[in-house]
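These notes are about the structure you will find just below.
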Amino acid sequence: MKKQIRHFLTVLMVVVVLGGCNYSLYDDEEELTTEDIQQASQATFPVETPDKSKEMKAISIYTFDDKEEVIQPININVEQKRITLEFILNKVIENLDVKVSIKEISVDNKKAIIVFDSGGAPIKGTSSTVETLILDCFSNSILDNISYVDSIVFRTDKGAYRSDNMELGKNEIYSSR
């Protein structure tokens with residue numbers, strides 16, 4: 001055991017002593033001159049072409065202020081390819097203080113059809129003003145950002161849009177360009 005400890009300590013001392021030396025594994029190593037540094041700083045390297053699929057775009061999503069009862073835009077930067085009807089609706093939902101559940105979305109003849117859960121907001125439990133603000137947030141966000149949609153129709157999972165405060169026909173356009 002003492003022999004192993006002695007051997008270990010000897011190896012440790014050699015490592016410490018050699019580690020402190022300015023020892024190079026390469027004999028042909030040269031020091032850099034000022035000229036070498038200037039040449040390296042003037043070197044050109046190929047530049048990567050930006051990926052068009054990751055092109056960013058600023059978009060406006062609408063939410064509303066409870067106190068002042070007005071809709072307000074929120075600007076966000078997103079990848080161009082991510083701007084879909086579903087994406088816009090999810091961003092609006094994320095930024096509302098009211099829990100809203102959408103059951104279905106579709107586009108028919110440049111008309112976006114949004115189907116809400118009939119048991120929650122904006123159908124139940126909201127004032128007329130808050131309901132209108134919620135619907136305006138969705139319709140403005142869609143019309144501002146989705147080029148293939150020209151009008152918005154709201155429905156419930158039971159058919160035509162009928163809430164505590166408002167009634168719309170099954171295919172009645174709530175807003176359009």
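Heavy atoms only: backbone and side chains are in, while hydrogens, waters and symmetry mates are out. Since the model is a prediction, treat every value here as computed from it, not as a measurement.
Residues meeting the side chain to side chain donor-acceptor pair (under 3.5 Å) test with Ser139, sequence neighbours left out: Ser175. For the salt bridge (Lys or Arg N to Asp or Glu O under 4.0 Å) test, residues two or more places apart in sequence or in another chain that qualify with Glu167 are Arg162. Listed by chain and residue number, Arg155 satisfy the side chain to side chain donor-acceptor pair (under 3.5 Å) test with Asn171 (two or more places apart in sequence, or in another chain). Partners of Ser176 under the side chain to side chain donor-acceptor pair (under 3.5 Å) rule, at least two apart in sequence or in another chain, do not exist in this structure. With sequence neighbours left out, the salt bridge (Lys or Arg N to Asp or Glu O under 4.0 Å) criterion links Arg82 to no other residue. The ring pair (Phe, Tyr, Trp, His ring centres under 6.0 Å) search around Phe64 returns none, not counting sequence neighbours. Residues forming a side-chain contact (heavy atoms from CB on, under 4.5 Å) with Ser118 (at least two apart in sequence, or on another chain): Thr156, Asp157, Lys158.
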What pairs of donor and acceptor atoms, side-chain ones from residues 91-116 against any protein atom, are under 3.5 angstrom apart with sequence neighbours left out?
from, atom 1, to, atom 2, distance (Å)
Lys91, NZ, Glu94, OE1, 3.3
Asn95, ND2, Lys91, O, 2.7

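Sorted by first then second residue, the salt bridge (Lys or Arg N to Asp or Glu O under 4.0 Å) pairs that include residues 114-131, not counting sequence neighbours, are Lys124-Asp164. Each ring-ring contact (aromatic ring centres under 6.0 Å, His included) pair with one or both residues in residues 157-177, not counting sequence neighbours, appears once here: Phe154-Tyr174. The stretch residues 83-102 participates, sequence neighbours left out, in no ring-ring contact (aromatic ring centres under 6.0 Å, His included) pair at all. For residues 60-71, there are no salt bridge (Lys or Arg N to Asp or Glu O under 4.0 Å) pairs, not counting sequence neighbours.
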